[in-house]
Amino acid sequence: YTTDVYMKCDITFDGRLMPNCGIKFKGNSSYNNPSQKKSFKLDFNLYDSTGNLDGEKKLNLNNGFKDPTFIREKLTNDWLIENGVFAPRAAYANVYINNVLWGFYISVEEIDNTFLDLRFGNSSGNLYKGDPHGDLRFLGGNLSAYQSAYEAHSSGDSVDWSDLIHLTKNINQTSDTEFPDSLDVVLDK
């Protein structure tokens, strides 16, 4: 199996049929766990550019392999949203494949251009994924160190990694007393 290839499928969500969607295994740590229950990524407009689920183009079905209680991700995202922090919406789902219960999952909104448009009003700028190695440690000024720890998901053709390098340097090398005020300069308001 590969985590990069989508298969065409029909999805029924709360009784609503959505034909011509894409489904694939999610990658990274959730795919490599020993369980047969894998996480999935759904793409509602991969084969039909008008396809969406209530405005969402993609949705993740997380298997909760690092959290058998299935509560940490949902509770954290709900708490962040309630406290004004932009975070993906999450809900619980029973997933059936070919009418057979595959398992209990956490459905999580994809953090992508759609997410950025809804939260920030545009999708310009750089978006990084640090799973599983990007832990916001300052790795020096060498670009290749960041490229091996993060994936860039940007809307443009080129990625300017200097903002990520500057952020990690600020987090790790700013004094505790100066740190809160330094965030206004580093983070986009």
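These numbers were taken from a predicted model, which means no experiment stands behind them.
- Within the structure, every pair that satisfies the ring pair (Phe, Tyr, Trp, His ring centres under 6.0 Å) test and touches residues 160-187, not counting sequence neighbours, is listed here: Y128-W161.
- For D67, the salt bridge (Lys or Arg N to Asp or Glu O under 4.0 Å) test picks out R72, with sequence neighbours left out.
- Each salt bridge (charged side-chain N to carboxylate O under 4.0 Å, His left out) pair with one or both residues in residues 137-148, not counting sequence neighbours, appears once here: D135-R137.
- Y150 pairs by the ring pair (Phe, Tyr, Trp, His ring centres under 6.0 Å) definition with nothing, not counting sequence neighbours.
- Residue Y96 is found in a hydrophobic cluster whose other members, listed by chain and number, are L101; membership requires side-chain heavy atoms under 4.5 Å apart, directly or through intermediates.
- If you chain together ILVMFWY residues whose side-chain heavy atoms come under 4.5 Å of each other, Y47 ends up grouped with Y6, L46.
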Would you give me the side-chain donor-acceptor pairs under 3.5 Å for residues 10-23, sequence neighbours excluded?
unit_1	atom_1	unit_2	atom_2	d
D10	OD1	N20	N	3.2
R16	NH1	D54	OD1	3.3
R16	NH2	N52	O	3.1

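- The salt bridge (charged side-chain N to carboxylate O under 4.0 Å, His left out) contacts involving residues 162-176 comprise nothing, where partners must be two or more places apart or lie in separate chains.
- Scored by the salt bridge (Lys or Arg N to Asp or Glu O under 4.0 Å) test, D160 finds no partners at all (sequence neighbours excluded).
- Residues in residues 86-108 take part in these salt bridge (charged side-chain N to carboxylate O under 4.0 Å, His left out) pairs, two or more places apart or across chains: E56-R89, R89-E109.
- Take F70 and apply the ring pair (Phe, Tyr, Trp, His ring centres under 6.0 Å) test, not counting sequence neighbours, and it matches F104.
- By the 4.5 Å side-chain criterion applied to Ile, Leu, Val, Met, Phe, Trp and Tyr, W79 is assigned to a cluster that also includes L80, V85.
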